[in-house]
Number of protein chains: 2
Amino acid sequence: MKNKIKAIRKKLGITQEQLAKECGVVRQTINCIENDKYDPTLVLAFKLSKTLKVKVDELFIYE
Amino acid sequence: MKNKIKAIRKKLGITQEQLAKECGVVRQTINCIENDKYDPTLVLAFKLSKTLKVKVDELFIYE
DNA sequence: TAATTATGTCCAAAACATTTGACATAGGTG
DNA sequence: CACCTATGTCAAATGTTTTGGACATAATTA
């Protein structure tokens, strides 16, 4: 499952570390998700969505 | 994390078994998610969303 | 250049999601 | 009532996500 996290995070000018802290996870988690190592849990997807100010349906690309 | 799966599934007149099959999981998985035993993975959330014809952001209630 | 910050990666363990198989109960229909 | 379908639940096994600690490299800045 692809996502737009890295692009949107950079547009907002924040680091993986800052995004991680906002979402209550560690930096490696953000890094793995941005690089498609695995998908976030649903709760984390919503936290990312909220922090990055886009809807879950926009942030992730299904299919 | 709450969700509207049971309500929408009933409105569509389908069983847990049918929804499960559509989404490629077993009946117990749908049952557990409807009864808030655990949250689905992000991929399953998108499959449920697609089958139930509502957006992920509408199907699940975060906060 | 040297120092600092940001990112990518690895591993093992912990936490969480899903399956399989089974049994119990609730609701409707003959 | 007896039958059948749908739903709820449980425990053990398996698969996936997240953590914590560590190290390497890339990019930025003094």
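Just so it is clear: chains get the letters A, B, ... in the order the sequence lines come, proteins before strands, and each one is counted from 1.
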Sugar-phosphate, base or nothing in reach of B/Lys10, heavy atoms under 4.0 Å: nothing

Side chain to side chain donor-acceptor pair (under 3.5 Å) contacts touching residues 40-62 of chain B (sequence neighbours left out): A/Glu63-B/Lys50

Minimum heavy-atom distance between B/Asn3 and B/Ile33, given as atom pair plus value: ND2-O, 3.1 Å

Spacing of B/Leu48 atom CG and B/Ile5 atom CD1 [to the nearest 0.5 Å]: 4.5 Å

Contact residues, residues 31-48 of chain A to DNA chain D [heavy atom, < 4.0 Å]: A/Ile33, A/Tyr38, A/Asp39, A/Pro40, A/Thr41, A/Leu44

Please produce a list of atom pairs where a protein N or O lies less than 3.5 Å from an N or O of nucleotides 12-15 of chain C.
none

Expected output: side-chain A/Asn31 to main-chain A/Arg27 donor-acceptor under 3.5 Å: no

Heavy atoms of other groups near B/Lys21 NZ, more than 12 under 6.0 Å: no

Reported CD-to-CD distance for the pair A/Glu22 and A/Glu17, which is rounded to 0.5 angstrom: 11.5 Å

Nucleotide range of DNA chain D lying under 4.0 Å from chain A heavy atoms: D/dT17 to D/dA22

A/Leu19 reachable from A/Val26 in the ILVMFWY side-chain graph, under 4.5 Å edges: no

Bend angle of the helix from C/dT1-D/dA30 to C/dG30-D/dC1, from helix axes over five pairs at each end, nearest 10°: 40°

Gap between atom OH of B/Tyr38 and atom OG1 of B/Thr29 - 0.5 Å precision: 4.0 Å

Nearest heavy-atom neighbours spanning B/Val56 and A/Phe46: O-CZ, 3.9 Å

Rounded distance (nearest 0.5 Å) linking atom CD1 of B/Ile30 with atom CG of B/Asn35: 11.5 Å

Stretch residues 16-30 of chain A: residues that reach within less than 4.0 Å of DNA chain D through a heavy atom: A/Gly24, A/Val25, A/Val26, A/Arg27, A/Gln28, A/Thr29

CG on A/Leu12 to CD1 on A/Ile8, rounded to 0.5 Å: 7.5 Å

Result of checking B/Lys4, B/Gln16, B/Lys6 against B/Glu34 for side-chain hydrogen bond (donor to acceptor under 3.5 Å, both in side chains): B/Gln16

Straight-line distance of B/Leu59 CG to B/Ile61 CD1, nearest 0.5 Å: 8.0 Å

